[in-house]
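All remarks here apply to the structure that follows.
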Amino acid sequence: MSAEVVTIRDVAKLAGVAASTASRALGGGSASEQTRRKVQQAAEQLHFVPNQAAKQLTTGRSNIVAIMVPEEPDFIFRDAFVSGMIAQLSSSFTAMNLLPFLALTKPHDAQKFLTVLKSSGAAGVVVINFHYSKAFADALRQCGVPVVSIGTPHSAMRTPYVDVDNYQGGYDAATLLCERGCRHIAVIAGPTDMQAAVLRSEGVLAGLKAVDLEPVAMVSGEYGAEHGETTMRRILEEHPEVDGVFAESDEIASGALRTLLNAGKRVPQDVALIGFDDFHVARAVSPSLTTFAQPLATMAETATKMLVERLNTGEWQCKAVLFPAPLVRRESA
């Protein structure tokens, strides 16, 4: 057998099932867990490698899934959320016998998005880190394949999505800072064309309003340490009374922390600081960051399941999943 090409019929014969059943079991289709295990064991024993071209001919679609990231290439590899989500999605798609295809386009480049997606032959697409623009939203509607968004889409869109509860995270950040006794709170926000940042900002403003407070400053910018560093410097100059900061990402918080320490401020004694994400930088800095965690693996697995169900049944079984962003208490607040 090892000298010949192993087919799905060989796998089915060894597993004691029909070829169509074996194909469904290996392709993430409908099959009992017992059948799926038998077929997978037979495939492993025979060192079976699926013929993707043949699969596309028999099912009418490929098993390629595009992971679309509308960001500048350098951002992708330095942003912990994007790089981490790509890794988790690749793992979860591979486990479902889907072939992940990483498609990179610049923000708002709708035409490039359509060109890349169509040339890939992908059966579906997951979009990460979505910067809203009408042209890009129109491109998603026109692409002709199912789309899942990692992150809450703009209110004008109806794309199924997986996300954390960014609004509640922002609200909880305000509550925690107020409970610590902070009354002069600044917000270093993310980009205004991304719903995650918009929702975090709305949440923290609502949390402050609940105790009759307003932020002494609220400045939007990119999810990066440089934004945190320069904005924190400006806030200290214009509002030296600041005693609490909500930074809408851990990267922003790390930059803000550097500025605070360089200015001789004690964190959290003089200024309490809260981030968002719970990525490596939150544990690497000193003092370590109090932050809100994003469950990347769970989000990726959920998006994969949603897309696979849509591909297999032709319908969305679920169109929105929102996970809590649990507080991770460390030293900065």
Side-chain angles (χ1 to χ4, degrees), residues 67-89 104-109 126-133 136 149-154 161-170 172-173 186-205 215 217-235 245-260 273-285 288-296 299-300 323 325 328 332:
I67 301 174
M68 181 66 67
V69 187
E71 292 284 0
E72 299 290 345
D74 64 327
F75 178 86
I76 294 167
F77 298 106
R78 60 182 167 82
D79 183 82
F81 176 82
V82 175
S83 59
M85 184 56 71
I86 289 172
Q88 294 294 340
L89 282 170
L104 309 180
T105 64
K106 293 185 177 182
H108 310 302
D109 193 343
V126 176
V127 181
I128 304 176
N129 233 39
F130 185 81
H131 290 267
Y132 177 77
S133 71
F136 208 92
S149 173
I150 299 292
T152 305
H154 189 273
Y161 67 92
V162 176
D163 204 355
V164 295
D165 194 338
N166 292 290
Y167 179 92
Q168 190 63 50
D172 291 345
V187 179
I188 309 180
T192 57
D193 63 350
M194 297 184 69
Q195 282 299 100
V198 170
L199 290 168
R200 290 171 199 176
S201 295
E202 290 177 352
V204 71
L205 289 175
M218 188 166 189
V219 183
S220 299
E222 295 302 314
Y223 283 131
E226 183 178 356
H227 170 45
E229 190 168 2
T230 57
T231 301
M232 192 70 250
R233 188 178 303 117
R234 172 180 156 191
I235 291 171
V245 176
F246 174 45
E248 293 187 3
S249 79
D250 289 342
E251 286 290 341
I252 294 174
S254 70
L257 177 62
R258 183 158 50 246
T259 292
L260 288 168
L273 175 64
I274 298 176
F276 202 108
D277 290 327
D278 193 32
F279 296 151
H280 172 72
V281 67
R283 299 178 294 277
V285 296
S288 56
L289 296 176
T290 291
T291 186
F292 292 89
Q294 297 216 57
L296 297 191
M299 292 167 68
F323 292 101
V328 181
S332 67

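Heavy atoms only: backbone and side chains are in, while hydrogens, waters and symmetry mates are out.
Checking Asp277, Asp250, Asp278 one by one against Thr291, the side chain to side chain donor-acceptor pair (under 3.5 Å) holds for a single residue, Asp250. Phe276 pairs in a ring-ring contact (aromatic ring centres under 6.0 Å, His included) with only one of the listed residues (Phe81, Tyr167, Phe292), which is Phe292.
Shown here for Ser220 and Thr192, the closest heavy-atom pair between the two residues is OG-CG2, 3.4 Å. In this structure, Val164 and Pro295 approach most closely via the heavy-atom pair CG1-CD, 3.4 Å. For the residue pair Glu248 and Ala197, the shortest heavy atom distance occurs at OE1-O, 3.3 Å. Pairing each heavy atom of Ala189 with each of His227, the nearest pair is O-NE2, 2.9 Å. Closest approach of Phe246 and Gly170 over heavy atoms only: CE2-CA, 3.9 Å. Here the closest non-hydrogen pair linking Ala225 and Ser254 is CB-OG, 3.7 Å.
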Practice prompt. Using the side-chain contact (heavy atoms from CB on, under 4.5 Å) rule, take Met299 and Met85 through it: C-alpha gap first, then chi angles, then the decisive distance, then the call.
Written response: CA-CA 8 Å; Met299 292 167 68; Met85 184 56 71; 4.0 Å; yes
Worksheet item: Run the side-chain contact (heavy atoms from CB on, under 4.5 Å) check on Thr230 and Arg233 step by step: do they pass?
Response: CA-CA 5 Å; Thr230 57; Arg233 188 178 303 117; 4.0 Å; yes
Worksheet item: So Ile235 and Thr259, side-chain contact (heavy atoms from CB on, under 4.5 Å) or not? Walk me through it.
Response: CA-CA 10 Å; Ile235 291 171; Thr259 292; over 6 Å; no
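One finds the NE2 atom of His280 at 10.0 Å from the CD atom of Glu251 (value rounded to the nearest 0.5 Å). Atom CD in Glu229 sits 10.5 Å away from atom CD1 in Ile188 (nearest 0.5 Å). Between Leu257 atom CG and Met232 atom CE the span is 10.5 Å, to the nearest 0.5 Å. Here the straight-line distance linking atom CD of Gln294 with atom CG of Asp163 works out to 7.0 Å at 0.5 Å rounding. From Leu289, atom CG reaches atom CZ of Phe279 across 12.5 Å, with rounding to the nearest 0.5 Å. Here the straight-line distance linking atom OG1 of Thr152 with atom CG of Asp165 works out to 8.5 Å at 0.5 Å rounding.
Proximity of a side-chain donor or acceptor of Ser332 to a complementary backbone N or O of Leu273 within less than 3.5 Å is detected.
Under a cut-off of 6.0 angstrom, the local environment of CD in Glu202 is crowded, with over 12 non-hydrogen atoms contributed by other residues, nucleotides or ligands.
For the pair Gln195 and Pro153, the minimum side-chain heavy-atom distance is 4.5 Å or more.
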